[in-house]
Enquirer: 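Please read through the structure below; I'll follow up with questions.
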Amino acid sequence: LVHLGEADLDEQLTYQQFAPEVAVRPAQPLDEAGWHALLPPELDGVVSSLLAAIAPAAITARVDQLRASKTLPKPDPSEKQDVERTTVSAVRTAVWVSKLLGVPTPALYLRKHDVPGGVAVMPTLEPALALGPSVLTGRSVTELSFLFARELGHVRMTGRMLTFYPQLSDLRALVTAAIHLVIGQTGQLPPEVETARRELAKRLDPAHRAKLAGVVRALTDRGGQLDLLAWLRAVERAACRAGLLACGDITVAARVLSVDGHVVGGLSAADRLRDLVPFSVSPRYSEVRRSLGIAVRTSQLG
């Protein structure tokens, strides 16, 4: 009720008095079944599979494009952190969250200038996270856990595709190009789609081309319909659920989202919280926490 804005004064006071302060200490990392439980039912698996099939080729194409235009970011080696020996709390938290989510730890760079939202996946060939000054001080470990888990959740689900193709129009052109690459030329394509088709054709290896063909067959069998915006919003909700799992506290998630600068799929902080609140008391969330060994247990008295 508090996070939905429906609590009266007595309920708010009761919540403030008894809201727990928690720390997540999992017994094992999140597995494939756990990840599946975090996904909203409306997340389209066919779209996810299509993007996974073209991700390596699409990312390489964008890196080549950025390199040719001399706009490819070049991280400062002096800013790169030694994740095994670091004493920086934010860096250590990022490493811990990577292990919790079962995601390889990316390269971590402490930037001198702030990063939108405090932390962001970098559009570099090597998977990397940029950490701005705003996450180095004044943030609790639980807040950092939410931030890192949401970013790494996106990496886990999209293979960094949204970092290189952040605009829905770019993503739509890429998906259209991939489909036409399989079904063949059926007329003149828009310039951006034709360019993307050529770039993918040059870089798709046989294994990923075969995966793409299988996904396009599945898409055709269901009538060829897909909704990228709905998929994008579902991915963001799932990433926020990963953030909740890592921080273990809906209060922390609400606080971080209330000042968050990220806009994904047009979702507001309130939109994301409206998903997190019911999920936080759902059987699926309890199952995931139980699989990690962090489920709430009743006291044994007497």
Side-chain angles (χ1 to χ4, degrees), residues 46-81 98 103-109 111 113 115-117 119-132 151-216 219 226 228-229 231-232 235 239 262 264-265:
V46 172
V47 176
S48 296
S49 296
L50 190 155
L51 290 174
I54 66 173
I59 290 174
T60 301
R62 182 51 59 92
V63 167
D64 290 344
Q65 181 186 41
L66 294 173
R67 185 180 288 119
S69 63
K70 298 183 179 180
T71 56
L72 182 67
K74 296 180 180 179
D76 185 342
S78 68
E79 297 177 343
K80 188 174 183 179
Q81 300 299 294
S98 297
V103 176
T105 303
L108 300 169
Y109 291 86
R111 306 300 300 272
H113 303 290
V115 175
V119 56
V121 179
M122 301 174 69
T124 52
L125 189 58
E126 176 192 36
L129 278 182
L131 282 60
E151 292 297 324
L152 293 175
H154 274 287
V155 171
R156 169 63 169 72
M157 290 181 285
T158 71
R160 298 194 297 150
M161 285 289 284
L162 300 185
T163 300
F164 290 91
Y165 298 89
Q167 300 300 319
L168 183 61
S169 57
D170 292 339
L171 205 60
R172 186 176 288 117
L174 193 64
V175 168
T176 304
I179 293 171
H180 279 278
L181 189 60
V182 173
I183 65 177
Q185 187 75 20
T186 57
Q188 187 173 3
L189 298 173
E192 65 276 10
V193 175
E194 176 57 30
T195 299
R197 189 190 68 81
R198 287 199 307 268
E199 295 300 317
L200 288 177
K202 290 190 295 185
R203 294 172 173 84
L204 270 175
D205 61 35
H208 284 91
R209 191 180 288 266
K211 290 179 181 179
L212 176 61
V215 174
V216 172
L219 182 62
L226 58 82
L228 278 177
L229 180 59
W231 174 84
L232 191 61
V235 166
H262 285 75
V264 179

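Counting begins at 1 with the first residue of the sequence.
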Enquirer: Are Thr163 and Val155 close enough that some pair of their side-chain heavy atoms sits under 4.5 Å apart?
Expert: no
Enquirer: Find the distance between CZ (Arg197) and CG (Leu200) and round it off to the nearest 0.5 Å.
Expert: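 Here the interatomic distance stands at 9.5 Å.
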Enquirer: For the residue pair Leu131 and Val115, establish whether any side-chain heavy-atom pair is separated by less than 4.5 Å.
Expert: no
Enquirer: Asp64 vs Leu72, test: side chain to side chain contact (heavy atoms under 4.5 Å, CB included). Steps then yes/no.
Expert: CA-CA 8 Å; Asp64 290 344; Leu72 182 67; over 6 Å; no
Enquirer: Would you call Glu126-Lys80 a salt bridge at under 4.0 Å N-O?
Expert: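 Here Glu126 pairs with Lys80 in a salt bridge, since their nearest N and O are under 4.0 Å apart.
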Enquirer: Any side-chain to backbone donor/acceptor pair from Glu192 onto Pro190? Under 3.5 Å, distance only.
Expert: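 No; judged by distance alone, with no hydrogens or angles, the pair does not exist.
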Enquirer: When rounded to the nearest 0.5 angstrom, what is the spacing between CG in Leu125 and CZ in Arg67?
Expert: 6.5 Å
Enquirer: Is there a donor-acceptor pair under 3.5 Å between the side chain of Ser69 and the backbone N or O of Leu66?
Expert: yes
Enquirer: Using every non-hydrogen atom in the two residues, find where Ala55 and Met161 come nearest and quote the distance to one decimal.
Expert: CA-SD, 3.6 Å
Enquirer: Minimum heavy-atom separation for Ala61 and Tyr165, please, with both atom names.
Expert: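 Smallest heavy-atom distance, with atoms named: CB-OH, 4.5 Å.
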Enquirer: So, do Arg198 and Arg203 sit near enough that their side-chain heavy atoms are less than 4.5 Å apart?
Expert: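 Heavy-atom side-chain distance check fails, nothing below 4.5 Å.
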Enquirer: Does some side-chain heavy atom of Leu108 sit less than 4.5 Å from a side-chain heavy atom of Pro106?
Expert: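 Pro106 reaches Leu108 side chain to side chain.
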Enquirer: How many angstroms lie between CE in Met157 and CG in Leu152, if you round to the nearest 0.5 Å?
Expert: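 Spacing of CE (Met157) from CG (Leu152) equals 10.5 Å.
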Enquirer: Is there a side-chain contact between Val46 and Leu226 (heavy atoms, below 4.5 Å)?
Expert: no
Enquirer: What heavy-atom pair brings Glu151 and Ala120 nearest, and what distance separates the two atoms?
Expert: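 Scanning both residues, the minimum pair turns out to be OE1-CA, 4.1 Å.
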Enquirer: Within the structure provided, determine whether Pro127 and Pro104 are in side-chain contact (heavy-atom separation under 4.5 Å).
Expert: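 Contact flag for Pro127/Pro104 side chains = no.
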Enquirer: Any chance you could measure Leu171, atom CG, to Trp231, atom CH2, to the nearest 0.5 Å?
Expert: 6.0 Å
Enquirer: Sort and list the pairs that fulfil salt bridge (charged side-chain N to carboxylate O under 4.0 Å, His left out) and have at least one residue in residues 153-176, not counting sequence neighbours.
Expert: Glu32-Arg156
Enquirer: Check Ile59 against Gly159 and note the closest heavy-atom contact, atom names and distance.
Expert: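 Taking every non-hydrogen atom into account, CD1-O, 3.1 Å.
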Enquirer: Less than 4.5 Å apart, any side-chain heavy atom of Leu181 and any of Arg209?
Expert: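 They are in contact (side-chain heavy atoms under 4.5 Å apart), so the answer is yes.
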Enquirer: With rounding to the nearest 0.5 Å, note down the distance linking CG in Asp76 to CZ in Arg111.
Expert: 8.0 Å
Enquirer: Heavy atoms only: give me the nearest Ala107-Tyr109 pair and the separation to one decimal.
Expert: CB-CE1, 3.7 Å
Enquirer: Check whether any side-chain heavy atom of Glu199 lies under 4.5 Å from a side-chain heavy atom of Thr60, and answer yes or no.
Expert: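 The answer is no, as the side chains (C-beta and beyond) never meet within the 4.5 Å cut-off.
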Enquirer: Set out, in order, the CA-CA distance, both residues' side-chain angles and the distance that settles side chain to side chain contact (heavy atoms under 4.5 Å, CB included) for Leu232 and Leu162, then state yes or no.
Expert: CA-CA 9 Å; Leu232 191 61; Leu162 300 185; 3.5 Å; yes
Enquirer: Test side chain to side chain contact (heavy atoms under 4.5 Å, CB included) on His208 and Ile54; report intermediate values, then the result.
Expert: CA-CA 7 Å; His208 284 91; Ile54 66 173; over 6 Å; no
Enquirer: Taking all heavy atoms of Thr105 and all of Ser98, pick out the closest pair and write down the distance.
Expert: OG1-CB, 3.4 Å
Enquirer: Quick one: pull up OG1 in Thr158 and CG in Leu51 and give me the separation to the nearest 0.5 Å.
Expert: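 Answer for the OG1-CG pair, Thr158 versus Leu51, is 8.0 Å.
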